[in-house]
*Asks:* 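Have a look at this one before I ask anything.
Counting convention: from 1, in listed order, for ligands and their atoms alike.
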Amino acid sequence: MEDKCKVIAIANQKGGVGKTTTAVNLGVALARRGLSVLIIDSDPQNSCTRCCKINDPDSLDVTLSELMSYEMTGEDKDYILINNAIKQFENIDLIPSNISLSGTETALFNCMSRESVLKRTIEPFRKSYDIILIDCMPSLGMMTINALVAADSVIIPCEPSFLSVKGLDLLLHSIAKIKRQINPSLQIDGVLMTMVDSRTINAREITNALREAVGLNINVFNTEIPRSVRATECPNVGKSIFGHDPDGKVATAYAELAKEVIGLERKAQVRPRPHGLR
Ligand code: ADP
Ligand code: MG
């Protein structure tokens with residue numbers, strides 16, 4: 001049976017560009033439009049888990065790490081345990097992570113089909129969700145490769161600085177390689193400009209440079225996420241931007257982004273799928 005679930009990796013090897021903020025707030029925005037959403041925290045630093053109001057991730061019994069270990073050892077899956085892994089935050093579900101995920105990443109190196117462990121781990125969840133968002137860690141290591149192999153598409157948050165725009169080359173290169181060698185159906189949904197301060201000429205220049213640099217082949221979302229101190233407050237108050245500042249510019253932007261993402265999905269559905277590549 002073909003599932004309708006779309007798995008989107010939120011990736012950029014640079015830290016602090018808004019991946020986690022985007023995973024949580026885009027997730028909540030998509031759920032507000034009626035989609036069932038699961039977020040997977042694939043970063044051992046677990047800021048996504050903390051943003052979803054889990055204050056002590058290291059005390060959790062079941063996290064992404066345990067689920068991936070099951071997959072690696074080939075043990076029979078304990079479905080009660082798997083369901084225990086899922087936590088709720090506002091209108092979305094979450095598979096949390098904690099520090100043990102860094103050990104899991106190391107263990108990946110000695111395991112069979114090491115690039116597709118996450119893909120196999122999330123397979124059972126696809127039937128229950130419309131969208132699965134994977135919050136990636138800031139590296140191009142084995143965990144990010146796993147996310148890009150598990151994903152149908154990728155969203156690339158990018159800060160408006162020349163260094164960030166330059167760093168995209170490396171990421172796009174890796175994505176192209178994964179697409180060529182392991183996951184031919186991987187799409188780039190687009191580059192998302194985050195923390196944009198439209199008052200500074202610098203930000204505007206860089207946004208234009210980015211659109212020129214990647215524009216022809218790669219989508220740059222029309223929606224830009226503005227910089228706002230309200231966004232930085234969210235983890236402290238344990239709310240998404242929709243809970244914390246529902247009428248503010250960042251909530252408005254993530255709501256717009258959700259519309260764009262759903263629009264991309266509709267477009268993809270009318271296009272015939274390249275069955276031969278699967
Ligand atoms: P990443 O996951 O790429 O490391 P984060 O989402 O954790 O990035 O964001 C890095 C920092 O920037 C965090 O402190 C976060 O609160 C802040 N931040 C994210 N988005 C915005 C925004 N739109 N405006 C202001 N600060 C933001
Ligand atoms: Mg993060």
*Asks:* Taking distance alone, with no angle check, do R227 and ligand 1 share an N/O pair under 3.5 Å?
*Replies:*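 For ligand 1, there is no N or O atom that lies under 3.5 Å from one belonging to R227.
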*Asks:* Provide the number and element of each atom of ligand 1 under 4.0 Å from a heavy atom of V17.
*Replies:* 1 (P), 3 (O), 8 (O)
*Asks:* Starting at CD1 of I156, measure out to SG of C136 and round the result to the nearest 0.5 Å.
*Replies:*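 So the gap between those two atoms works out to 10.5 Å.
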*Asks:* Just by modelled atom types, is the Y254 backbone N or O under 3.5 Å from a matching donor or acceptor in the N25 side chain?
*Replies:* no
*Asks:* Say you draw a straight line from CD1 of I241 to CD1 of I225; how long is it, rounded to the nearest 0.5 Å?
*Replies:*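 The CD1 atom of I241 sits 10.0 Å away from the CD1 atom of I225.
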*Asks:* Nearest 0.5 Å, please: how far is OG in S153 from CD1 in I8?
*Replies:*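 Result: 4.5 Å between the selected atoms.
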*Asks:* Regarding R120 and E123, does a basic nitrogen lie under 4.0 Å from an acidic carboxylate oxygen?
*Replies:*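 Judged by the 4.0 Å cut-off on N to carboxylate O distance, R120 and E123 do not form a salt bridge.
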*Asks:* Could you say whether the N/O atoms of P235 and ligand 1 ever approach to under 3.5 Å?
*Replies:*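 Such a contact does not occur with ligand 1.
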*Asks:* Examine ligand 1 and decide if any of its atoms is less than 4.0 Å from a heavy atom belonging to I225.
*Replies:* yes
*Asks:* What about T20: any of its N or O atoms under 3.5 Å from an N or O on ligand 1?
*Replies:*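 In this structure, T20 places an N or O atom under 3.5 Å from an N or O of ligand 1.
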*Asks:* Apply side chain to side chain contact (heavy atoms under 4.5 Å, CB included) to residues V37 and L26 and explain how you reach the verdict.
*Replies:* CA-CA 10 Å; V37 178; L26 174 61; over 6 Å; no
*Asks:* Of the listed options (D135, D197, D43, T232), which comes nearest to atom 26 (N) of ligand 1 when hydrogens are ignored and any heavy atom counts?
*Replies:*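 Closest candidate by heavy-atom distance is T232.
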*Asks:* Would you mind checking which non-hydrogen protein atom is closest to atom 24 (N) of ligand 1, with the distance to 0.1 Å?
*Replies:*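 That would be S228 N, 2.9 Å.
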*Asks:* Salt bridge check: are D56 and R50 linked by an N-O gap of less than 4.0 Å?
*Replies:* no
*Asks:* Do ligand 1 and V229 have nitrogen or oxygen atoms that lie under 3.5 Å from each other?
*Replies:* no
*Asks:* Just to confirm my output: which protein heavy-atom neighbour is closest to atom 11 (C) of ligand 1, and how far is it?
*Replies:*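 Answer for atom 11 (C) of ligand 1: M195 CE, 4.6 Å.
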*Asks:* Regarding K6 and E265, does a basic nitrogen lie under 4.0 Å from an acidic carboxylate oxygen?
*Replies:* yes
*Asks:* Is T20 close enough to the Mg ion (ligand 2) to have an N, O or S atom under 2.8 Å?
*Replies:* yes
*Asks:* Please confirm whether P138 approaches ligand 1 to less than 4.0 Å, judged on its heavy atoms.
*Replies:*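 P138: no contact with ligand 1 (<4.0 Å).
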*Asks:* Could an N or O of ligand 1 be found under 3.5 Å from any N or O of S47, whether backbone or side chain?
*Replies:* no
*Asks:* Can an N or O of P226 be found at a distance shorter than 3.5 Å from an N or O of ligand 1?
*Replies:* yes
*Asks:* In the protein, which heavy atom is nearest to atom 19 (C) of ligand 1, and how far is it?
*Replies:* T21 OG1, 3.2 Å
*Asks:* Starting from atom 10 (C) of ligand 1, find the nearest protein heavy-atom neighbour and note its residue, name and distance.
*Replies:* G16 CA, 3.7 Å
*Asks:* May I ask you to check whether G18 has an N/O atom sitting below 3.5 Å from an N/O atom of ligand 1?
*Replies:*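 Yes, since at least one N or O of G18 sits under 3.5 Å from an N or O of ligand 1.
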*Asks:* Just verifying a value: how many Å separate T121 OG1 and I40 CD1, rounded to the nearest 0.5 Å?
*Replies:* 8.5 Å
*Asks:* Sub-3.5 Å donor-acceptor pair from the side chain of R126 to the main-chain atoms of C5, do we have one?
*Replies:* yes
*Asks:* Under the criterion side chain to side chain contact (heavy atoms under 4.5 Å, CB included), I'd like the reasoning laid out for L101 against M137: C-alpha separation, chi angles, the key distance, then a yes or no.
*Replies:* CA-CA 11 Å; L101 195 63; M137 60 190 289; over 6 Å; no
*Asks:* Does some non-hydrogen atom of the protein lie less than 4.0 angstrom from atom 1 (P) of ligand 1?
*Replies:*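 It does: a protein heavy atom is found less than 4.0 Å away from atom 1 (P) of ligand 1.
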